[in-house]
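Worksheet: the structure to be examined is printed underneath.
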Amino acid sequence: MDQIASPADAAIDQPHGMRYGELARIEVLASVSIVVPTYREVENIPLIVERIARVRNECLSNLELIFVDDNSADGSVEAVEALGLDWVRMIVRTDERGLSSAVIHGFRAARGAVLVCMDGDLSHPPEVIPQMILALDSGQQFVIGSRYVPGGSTDDDWGILRWLNSRVATVLSRPFTSVRDPMSGFFALRKTDFDAAANLDPVGYKIGLELIVKCDFENVAEIPIRFADRVHGESKLSLKEQLQFLRHLRRLYVHAFGNAMHFLQFAAVGASGVVVNFAVLTLLLWMQLPEAACLAGGIVASLISNFLLNRRITFSYARHGNIWLQFVGFVGASSLGMMVNYGVALYLNATWLQGVPYGLYAAALCGITTGLVFNFLGNRYLVFRTRYIRR
Ligand code: GDD
Ligand code: MN
């Protein structure tokens with residue numbers, strides 16, 4: 001990035017460590033839309049507007065602030081109106097609730113070339129936004145206000161549980177990105193990149209992570225921030241939201257690792273089927289049914305539970321298809337798979353593995369593996385076809 005600071009400018013440091021030349025440069029560079037999702041943040045609204053206003057006066061006159069409020073009905077609308085600022089507006093949604101979908105809604109309505117997302121409870125310091133814009137200008141695609149890079153921190157009152165929670169979530173998202181703080185809800189990106197993002201899934205509250213993965217950003221920068229504890233109001237992230245995050249993660253894994261992930265789930269469901277089979281077998285034996293019936297009962301039960309779990313989890317994209325047709329297909333593929341399993345085991349046992357110690361077990365194992373792969377491919381590409389995907 002070329003500097004336009006004169007030697008005199010260089011001497012005058014700003015509170016956020018920037019020179020006037022850089023500030024002037026930002027001014028020409030960017031029209032910025034800050035989107036703040038809010039739910040019952042009436043006390044915080046005037047405070048955050050005041051802090052953003054200072055940044056705006058300093059170097060970002062072309063800045064609009066959009067609150068996306070999910071019908072808090074706590075006087076938030078009136079609080080924004082009372083300010084009477086033409087660069088601040090509030091969108092009230094009455095038909096939906098959720099942090100991520102609120103942010104997406106706000107980004108779509110934004111007019112700026114640069115989009116910034118931040119919390120409404122003053123946890124995120126708007127003072128670093130100019131630095132974020134400079135980073136975008138120097139070629140970064142996504143800029144995060146980060147707690148976990150040198151210089152970043154969180155306020156001390158973070159309970160151990162919340163800290164642990166944040167850390168575990170960060171580790172679970174490591175396969176997608178090496179970013180230190182992918183859970184951050186404070187970030188900036190270009191409007192054009194956002195508009196190009198295909199099939200965003202606004203489940204849960206980790207919209208930043210969703211964007212990093214779905215937009216396939218390679219140049220992600222992190223700017224250290226101090227994450228302040230909220231003073232007014234309370235956190236909206238319930239246990240339900242945390243569980244939603246697991247759902248979100250699973251979808252991201254499928255998105256990023258496609259078939260490998262489908263296969264892993266298919267195998268896990270298969271393993272759970274063994275447990276179901278044995279449980280039912282034990283139950284029926286306890287009921288003193290004939291052994292042949294007990295064995296059959298175990299198989300049928302595991303076939304059904306495998307089918308339902310695969311339909312709901314492994315191939316969830318196809319769960320709107322006709323369940324009966326899918327069940328017939330599943331049983332068909334599974335019986336074929338069983339025959340493939342048997343055939344491969346018989347063949348190997350009679351040829352390659354003949355006379356080898358434990359050859360029969362090795363043959364059985366090869367049969368099982370081939371059967372599993374066969375089953376998987378049959379189900380993935382014939383029974384639960386992608387054409388069932390409903391967007
Ligand atoms: N519109 C809307 N709808 N806004 C919401 C909703 C909702 O359903 N739920 C929460 N918000 C708003 C809050 O009003 C606040 O402005 C912001 O989203 C963050 O919510 P908090 O309840 O303060 O979340 P937090 O402090 O626990 O979580 C923060 O830290 C996480 C990292 O640990 C947020 O920054 C998250 O984005 C971040 O991922
Ligand atoms: Mn908060």
Side-chain angles (χ1 to χ4, degrees), residues 34-49 51-52 65-77 79-80 89-109 116-126 128 144-148 152-155 157-173 177 179-188 202-213 222 225-245 248-249 252:
I34 302 181
V35 169
V36 177
T38 52
Y39 187 68
R40 304 211 173 129
E41 302 285 3
V42 64
E43 294 162 284
N44 289 314
I45 285 172
L47 303 176
I48 192 170
V49 171
R51 275 179 68 181
I52 292 175
L65 171 57
I66 306 173
F67 290 104
V68 184
D69 189 86
D70 287 351
N71 206 11
S72 299
D74 62 346
S76 293
V77 177
V80 172
R89 63 190 156 125
M90 176 169 266
I91 300 174
V92 178
R93 303 193 306 168
T94 47
D95 51 341
E96 234 182 315
R97 253 220 66 189
L99 209 171
S100 288
S101 64
V103 173
I104 292 176
H105 195 104
F107 279 177
R108 292 207 173 116
V116 176
C117 168
M118 67 188 293
D119 288 354
D121 58 358
L122 302 162
S123 286
H124 299 146
V128 307
I144 298 172
S146 174
R147 296 162 286 179
Y148 303 135
S153 61
T154 48
D155 262 354
D157 324 19
W158 263 44
I160 179 81
L161 257 185
R162 185 173 173 175
W163 180 86
L164 194 74
N165 190 305
S166 175
R167 283 319 223 177
V168 168
T170 303
V171 168
L172 287 176
S173 55
T177 170
V179 164
R180 312 296 327 162
D181 193 1
M183 300 298 137
S184 176
F186 186 23
F187 55 82
V203 59
Y205 63 104
K206 295 305 173 193
I207 179 64
L209 179 65
E210 172 79 11
L211 285 166
I212 295 176
V213 176
E222 292 181 86
I225 61 159
R226 176 192 179 89
F227 185 99
D229 260 331
R230 66 155 71 233
V231 177
H232 304 286
E234 53 197 43
S235 173
K236 313 299 175 321
L237 299 184
S238 54
L239 184 68
K240 195 178 135 213
E241 293 286 341
Q242 318 276 346
L243 292 178
Q244 281 275 37
F245 176 63
H248 186 197
L249 260 186
L252 289 178

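This chain uses plain numbering: 1 for the first residue, then up along the sequence. Order of listing sets the numbers, starting from 1, for every ligand and every atom in it.
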Go through ligand 1 atom by atom and flag the ones less than 4.0 Å from a non-hydrogen atom of Arg230.
21 (P), 22 (O), 23 (O)
Within the side chain of Lys236, is there an N or O that forms a donor-acceptor pair under 3.5 Å with the backbone of Tyr39?
yes
N/O donor-acceptor pair under 3.5 Å between Asp121 side chain and Asn44 backbone:
no
Identify, for atom 34 (C) of ligand 1, the protein heavy atom at the shortest distance, and state residue, atom and that distance.
Asp119 OD2, 2.9 Å
Quick check: of its N, O or S atoms, which one does Asp121 have closest to the Mn ion (ligand 2)?
OD2
With the side chain counted from C-beta on, respond yes when Met118 and Ile52 share a heavy-atom pair under 4.5 Å apart, and no when they do not.
yes
Side chain of Ser123, backbone of Asp229: donor and acceptor closer than 3.5 Å?
no
Of Met118, Glu234, Arg97, the residue with the heavy atom nearest atom 8 (O) of ligand 1 is Arg97
His124 to ligand 1, any heavy atom closer than 4.0 Å
yes
Please state which protein non-hydrogen atom is closest to atom 11 (N) of ligand 1 and give its distance, to 0.1 Å?
Leu99 CG, 3.9 Å
With distance as the sole test, does Ser184 use its side chain to make a donor-acceptor pair with the main-chain N or O of Ser146 at under 3.5 Å?
no
Considering the heavy atoms of Gly98, write down every atom of ligand 1 situated less than 4.0 Å from one of them.
3 (N), 7 (C), 8 (O)
Using a strict cut-off of 4.0 Å, indicate which atoms of ligand 1 neighbour a heavy atom of Lys206.
31 (C), 32 (C), 38 (C), 39 (O)
Please could you name the atoms of ligand 1 that Arg147 approaches to less than 4.0 Å, counting only its heavy atoms?
32 (C), 33 (O)
Regarding Thr94 and Asn71, is there a side-chain donor-to-acceptor distance under 3.5 Å anywhere?
no
